Amino acid sequence: KREASTGIILIWQFQGMEADIGLDLEEEGSLLPDEILESIFGHLNYCDLLLSASLVCKRWNRIANDENLWKSLCFDEFAVSDSEGSWKVLFAQRHETWNSVKSSHIITVESQLLEIDTTDNTASYLPKYKARVGVARSDGPIKLMPLGDTPFFAFFEVNIIDGSDLATVGIGITDKDYALAQPGWRNWSYGYHGDDGRAYHATGHGFDWGPTFTTGDVIGLLYNCSDKTICYTKNGRMLGAMFGGVRLDLKLSRFAVGLHRQNHKVSVNFGKLPFQFDVKKYARDPKQFESSITKTFKESDYFSDGEDDDGS
């Protein structure tokens, strides 16, 4: 869809032919009708549309700045169907936010346990250690996806590259200083663990909840700040809301992955690569996704004896 540079070259070549045979690009009878140009422009990326196509001539500039074009782009790219202001300005704002979201990467304070590669956001448990948990977490606050009329959820996915038979991998949300424990083992954290499929919050014992996961699986975590739920997906399919009534301070919260076994390896995707889960469809209407698991834990269900239980 977005062969941007190729599209620009083809248009320039075609319009260049018009110039070669003596046609004026500004003439109403130019070879490419407005509707066709608008359709082509709809397949260009943001930079090519603003910095290239709009500068070719007055006619192209007019079409490239048409609000109907930007309305269509806002719907296609960011699932926005309603705006009271300029669609072009809205697209620019969402585009900037999206670049910020997808440029997130993972970090760790436990470099003695984990090897982090920020070029592809992978975390590997070092082979010389065992029985200690290494935690990789997002480098900054959790950010809402710039999708929907009003952005209302955050999301990331974890690809289990090597998880042996059952992955001792925990995927969840922690505070910014969390370390040396699987997500969900301690207070202020929530987690879904691959080796037992259990839900964890402030406990090392957990609650039976969903399927296990291992090598080759892709697990997504979605925090819906509208209904205050933490949901999980597996291989692009919605599992359901694991926790309800969760009021996060996004500035203090981090997406996190815990690794607990030698040679385990995961890659984390904040949006730089296509998600397996259809986030745009979810943004348009979350009710389209039927949960395969209907059990949701509320605050009154959480195991807590007043002490941190690290699962060891």
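The shown structure was predicted, so the numbers you read here are calculated from the model rather than taken from an experiment. Numbering of residues begins at 1 and proceeds along the displayed sequence.
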* Asked: Ring centres of His193 and Tyr200 under 6.0 Å apart?
  -> yes
* For Ser189 against Gly184, the heavy-atom pair lying closest together -> OG-N, 2.8 Å
* **Side-chain heavy atoms of Thr122 within contact of Asp117, under 4.5 Å** => yes
* To do: Check whether Ile36 and Leu44 end up in the same hydrophobic cluster, where Ile, Leu, Val, Met, Phe, Trp and Tyr are linked by side-chain heavy atoms less than 4.5 Å apart.
  => yes
* Please check if the distance between the ring centroids of Phe213 and Tyr192 is under 6.0 Å. => yes
* Asked: Looking at side-chain heavy atoms only, is the closest gap between Lys102 and Phe270 below 4.5 Å?
  -> no
* Asked: Between Phe275 and Phe155, how do the two ring planes meet: parallel, tilted or perpendicular, split at 30° and 60°?
  -> perpendicular
* Does a sphere of radius 6.0 Å around CD in Glu290 hold more than 12 heavy atoms from other residues, nucleotides or ligands, not counting ones at 6.0 Å or beyond? -> no
* Structure fact -> Of all heavy-atom pairs linking Gly210 and Ile293, the shortest is CA-CD1, 3.5 Å
* Take Met242 and Thr296 through the side-chain contact (heavy atoms from CB on, under 4.5 Å) test and state the conclusion after the steps. => CA-CA 5 Å; Met242 178 179 284; Thr296 300; over 6 Å; no
* Asked: Do Trp188 and Val133 belong together in a cluster built from hydrophobic side chains that touch within less than 4.5 Å?
  -> no
* To do: Indicate yes or no for a side-chain donor-acceptor contact from Arg284 to the backbone of Gly148 under 3.5 Å, with no hydrogens or angles considered.
  => no
* Test item: Trp209 side-chain N/O and Gly197 main-chain N/O as donor-acceptor pair under 3.5 Å -> no
* salt bridge (charged side-chain N to carboxylate O under 4.0 Å, His left out) assessment of Asp120 paired with Lys272 -> CA-CA 9 Å; Asp120 55 3; Lys272 189 175 183 179; over 6 Å; no
* Mind checking whether Tyr282 and Phe153 have parallel, tilted or perpendicular rings, split at 30° and 60°? -> perpendicular
* Asked: Distance-only, no hydrogens or angles: does the Gln288 side chain make a donor-acceptor pair with backbone N or O of Lys281 under 3.5 Å?
  -> yes
* Would the Phe41 and Trp60 ring centres measure less than 6.0 Å apart? -> yes
* To do: State whether a side-chain donor-acceptor pair under 3.5 Å links Asn235 with Asp217.
  => yes
* To do: Start with the C-alpha gap between Val109 and Arg137, add the side-chain angles, then the distance that decides, and say whether side-chain contact (heavy atoms from CB on, under 4.5 Å) holds.
  => CA-CA 9 Å; Val109 296; Arg137 60 178 186 270; 3.7 Å; yes
* Test Gln276 against Thr233 for side-chain contact (heavy atoms from CB on, under 4.5 Å), laying out the working first. => CA-CA 9 Å; Gln276 287 203 11; Thr233 67; over 6 Å; no
* Asked: Hey, is the main chain of Ser100 close enough, under 3.5 Å, to the side chain of Lys143 for a donor-acceptor pair?
  -> yes
* Asked: So, Phe289 versus Phe277, ring centres under 6.0 angstrom or not?
  -> yes
* To do: Give a yes or no on this: more than 12 heavy atoms of other residues, nucleotides or ligands lie within 6.0 Å of atom NZ of Lys71.
  => no
* Just how far is it from atom CE of Met238 to atom OH of Tyr232, taken to the nearest 0.5 Å? -> 12.0 Å
* At what distance, to the nearest 0.5 angstrom, does CG of Leu222 lie from CD1 of Ile230? -> 10.0 Å
* List the steps and the verdict of side chain to side chain donor-acceptor pair (under 3.5 Å) for Asp149 and Ser81. => CA-CA 6 Å; Asp149 292 341; Ser81 58; 3.2 Å; yes
* **Glu38 atom CD, over 12 foreign heavy atoms within 6.0 Å** => yes
* Any side-chain heavy atom of Phe152 sitting closer than 4.5 Å to one from Asn224? -> yes
* **Main-chain N/O of Ala202 paired to Arg186 side chain as donor or acceptor, under 3.5 Å** => no
* Asked: Hey, any chance Leu147 and Trp98 share a hydrophobic cluster, counting ILVMFWY side chains that come within less than 4.5 Å of each other, even indirectly?
  -> yes
* To do: Check Ile161, Asn121, Val257 against Ser267 for a side-chain contact (heavy atoms from CB on, under 4.5 Å) and give me the one that passes.
  => Ile161
* Within 45° cone of Tyr125 ring axis and under 6.0 Å: Arg132 NZ or CZ -> no
* Any Tyr223 side-chain heavy atom under 4.5 Å of Leu250 side chain -> yes
* So do the side chains of Thr118 and Ile106 get within less than 4.5 Å of each other, counting heavy atoms only? -> no
* Minimum heavy-atom distance between Ile171 and Phe156, given as atom pair plus value -> CG2-CZ, 3.9 Å
* If you measure from NZ on Lys58 to CD1 on Ile63, what distance do you get to the nearest 0.5 Å? -> 14.5 Å
* Could you go through the side-chain contact (heavy atoms from CB on, under 4.5 Å) check for Val266 and Val169 one step at a time? => CA-CA 9 Å; Val266 301; Val169 174; 4.3 Å; yes
* Kindly compute the distance separating CG (Asn159) from NZ (Lys265), expressed to the nearest 0.5 Å. => 10.5 Å
* **Step-by-step salt bridge (charged side-chain N to carboxylate O under 4.0 Å, His left out) determination, Asp76 to Lys280** => CA-CA 9 Å; Asp76 290 343; Lys280 291 180 184 178; over 6 Å; no
* **Distance, nearest 0.5 Å, that separates OG of Ser72 from CH2 of Trp87** => 10.0 Å
* Asked: Is Glu110 reaching over with its side chain to a backbone N or O of Leu180, donor-acceptor style, under 3.5 angstrom?
  -> yes
* Non-hydrogen atoms of Thr108 and Val135 that approach each other most closely -> OG1-O, 2.8 Å
* Please round to the nearest 0.5 Å and tell me the distance separating atom OG of Ser54 and atom CG of Asn61. => 5.5 Å
* Is there a donor-acceptor pair under 3.5 Å between the side chain of Ser52 and the backbone N or O of Leu49? -> no
* **Minimum-distance pair of heavy atoms, taken over all atoms of Thr168 and Arg261** => OG1-CB, 3.3 Å
* Structure fact -> Nearest heavy-atom contact between Thr212 and Asp196 is CG2-C, 3.8 Å
* Any Ser86 side-chain heavy atom under 4.5 Å of Glu67 side chain -> yes
* Decide whether Val246 and Ile142 are clustered together by the hydrophobic rule: side chain heavy atoms of Ile, Leu, Val, Met, Phe, Trp, Tyr closer than 4.5 Å, transitively. => yes
* Would you call Asp34 and Arg62 a salt bridge, taking side-chain N to carboxylate O under 4.0 Å as the test? -> yes
* Asked: Hey, quick one: are Val80 and Leu69 part of the same hydrophobic cluster, counting side-chain heavy atoms closer than 4.5 Å, chains of contacts allowed?
  -> yes
* Asked: Would a 4.5 Å heavy-atom cut-off, applied to side chains only, mark Asn99 and Thr97 as touching?
  -> no
* Please assess Asp175 against Arg254 for the test salt bridge (charged side-chain N to carboxylate O under 4.0 Å, His left out), listing each intermediate value before the final yes or no. => CA-CA 6 Å; Asp175 63 30; Arg254 303 291 185 268; over 6 Å; no
* His260 ring center near Trp185 ring center (under 6.0 Å) -> yes
* Side chains of Leu144 and Cys225: closer than 4.5 Å at any heavy-atom pair? -> yes
* To do: Report yes or no: do Ser253 and Lys176 form a side-chain donor-acceptor pair below 3.5 Å?
  => no
